[in-house]
Amino acid sequence: MDRLIEAINNVQNPSVVGLDPTEALVPPQVVASFADEVRDSVDSPEELPAAQLAVAYFEFNRTIIDAVADIVPAVKPQIAMYEALGPAGVDVYTMTCEYAAQQGLYVLGDVKRGDIGSTAAAYAHHLNGVAAASADGTAFDPWHEDAVTVNPYLGTDGITPFVQAATEADKDIFVLVRTSNPSSSELQMLDLADGKKVYEHVADLVEGWGAETIGEHGYSRVGAVVGATHPEEGRALRARMPHTFFLVPGYGAQGGTAQDVAGMFDADGSGALVNSSRGIIGAWKKSGKYSESMSADEALDLVAESARQAALDMRDALRIAVYR
Ligand SMILES: O=c1ccn([C@@H]2O[C@H](COP(=O)(O)O)[C@@H](O)[C@H]2O)c(=O)[nH]1
């Protein structure tokens, strides 16, 4: 986690921009502008819509990354949005991760993987590269992620391969502990026989899974996902998990505020990274400046300007609430 913490400190901004493009979040003239270019590159006409959208997603992401790279430490591409388009989308996911990394950003792949140990080891190649090493002994890393999110439902043998891969590659994982979604309490808030809630038990496991990997800043490679929509539980988890860095989604579009997340930081204003996806990448839709008559370039300029302003507003709100 040391690299992430240093990146946050460099820009004095504990926020991450979520790159979750959907067709509704990309201006239609941007998608339309790629029709001719893509028509020649597909094998069959059925591939055209997904291929066109995928190329538009990359241009959209590149615009957002360029607009925020000097003010945020990290981006969090959500792989589901890309997988929805098939292979062309997965290509754009890896291209987005690579481009963000080239701009100096920490890349947190929101892939939420988890399975039995042998399969988890295969998923963990997101972190340590493909199995076959190159001639010079370095692994080929097609994903360009610095961290991935992991689902803990399968228990320790589903997590160990990720911790090993993260350690080998000097990367991190973030394990789902108290998620931001409305139905999260159905399982996470259940009472266990020992008086703990399920999410508290997972929290204790996460703190243990990371115990051997604590870095210079006091946090382990095994982080936790804690929703901004649960401020009280987040505050309690901060005290319960002193060596666990938090990824905090749920800010903005899901209703979480800077005040809600303040208790998830430690006394030094470290310990958490707050995500906003739609609130940043969809800001152009709420700007009041968009017009269907804009050219694709004009629409992308508006995307950039609006995303930067939304990211600055989030940074400033967090600075006031957290760096108190
Ligand atoms: O508990 C969780 C875990 C992950 N997410 C992901 O974060 C973003 C949130 O997007 P917004 O547009 O800012 O709401 C998205 O990729 C989710 O899959 C989460 O929201 N909550």
Side-chain angles (χ1 to χ4, degrees), residues 14-26 57 60-61 64-65 68 72 74-85 89-90 92-93 96-97 100 106-114 126 145 147-153 172-189 197-200 202-203 206 222-234 237 241 244-258 260-261 264 272-286 303 306-307 310-311 313-315 317-318:
S15 70
V16 50
V17 172
L19 297 173
D20 300 30
T22 61
E23 190 167 5
L25 286 177
V26 180
Y57 281 6
F60 180 76
N61 287 346
I64 306 262
I65 290 166
V68 301
V72 300
V75 289
K76 183 181 79 63
Q78 168 55 261
I79 201 168
M81 305 318 190
Y82 305 86
E83 287 178 347
L85 300 182
V90 175
V92 162
Y93 174 83
T96 297
C97 292
Y106 180 95
V107 179
L108 207 171
D110 199 346
V111 302
K112 295 195 185 71
R113 299 301 150 103
H126 268 270
E145 296 148 321
V148 292
T149 52
V150 178
N151 187 328
Y153 201 71
D172 308 306
I173 64 171
F174 289 86
V175 180
L176 301 178
V177 171
R178 185 72 183 102
T179 62
S180 65
N181 54 312
S183 306
S184 60
S185 297
E186 286 175 8
L187 292 174
Q188 294 162 19
M189 291 297 276
K197 303 276 186 202
V198 165
Y199 83 91
E200 292 172 327
V202 176
V206 169
V222 183
V225 177
V226 180
T229 49
H230 306 299
E232 292 315 316
E233 289 134 39
L237 286 172
M241 308 174 81
T244 304
F245 204 90
F246 291 174
L247 167 65
V248 184
Y251 183 97
Q254 294 178 52
T257 64
D260 291 334
V261 304
M264 303 182 198
L273 179 71
V274 184
N275 177 79
S276 177
S277 304
R278 288 167 291 178
I280 307 283
I281 70 173
W284 64 273
K285 295 189 90 163
K286 297 192 169 167
V303 166
S306 308
D313 291 346
M314 181 177 176
R315 178 195 72 179
L318 288 174

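In listed order, ligands and their atoms are each counted from 1.
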Does any part of the side chain of I65, heavy atoms only, come nearer than 4.5 Å to the side chain of T96, both counted from C-beta?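 In short, these two side chains touch, coming nearer than 4.5 Å.
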Is there a side-chain contact between R278 and Q254, using heavy atoms and a 4.5 Å cut-off?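 The answer is yes; the side chains approach within 4.5 Å.
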E145: partners by salt bridge (Lys or Arg N to Asp or Glu O under 4.0 Å), with sequence neighbours left out: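 E145: no salt bridge (Lys or Arg N to Asp or Glu O under 4.0 Å) contacts found.
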Any residue meeting salt bridge (Lys or Arg N to Asp or Glu O under 4.0 Å) with E83, in chain and number order, not counting sequence neighbours: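 Testing E83 for salt bridge (Lys or Arg N to Asp or Glu O under 4.0 Å), a comparison that skips the adjacent residues, returns R113.
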At a 4.0 Å cut-off, with the gap strictly under it, does some heavy atom of R178 reach an atom of ligand 1?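 False for this residue.
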Strictly under 4.0 Å, does any heavy atom of D110 approach an atom of ligand 1?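 Yes.
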Closest non-hydrogen atom pair, M241 against A203: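 Nearest heavy atoms, M241 then A203: CE-O, 3.4 Å.
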State the atoms of ligand 1, each with its element, that fall below the 4.0 Å cut-off from a heavy-atom position in [X].
X	result
K76	6 (C), 7 (O), 8 (C), 15 (C), 16 (O)
T179	1 (O)
R278	11 (P), 12 (O), 13 (O), 14 (O)
P249	1 (O), 2 (C), 3 (C), 4 (C), 5 (N), 7 (O), 19 (C), 20 (O), 21 (N)
N275	7 (O), 8 (C), 9 (C), 13 (O)
D20	8 (C), 15 (C), 16 (O)

Sub-3.5 Å N/O-N/O distance, S180 and ligand 1: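 Yes, there is a polar N/O contact under 3.5 Å.
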Check: Q78 N/O within less than 3.5 Å of ligand 1 N/O: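 Yes, at least one N or O pair falls under 3.5 Å.
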Is there a donor-acceptor pair closer than 3.5 Å between any side-chain N or O of D313 and the backbone N or O of A310?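 No, because the side chain of D313 does not come within donor-acceptor range (under 3.5 Å) of the backbone of A310.
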Of V248, V261, V72, L108, the residue whose pairing with L273 passes side chain to side chain contact (heavy atoms under 4.5 Å, CB included):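 The single option meeting the side chain to side chain contact (heavy atoms under 4.5 Å, CB included) with L273 is L108.
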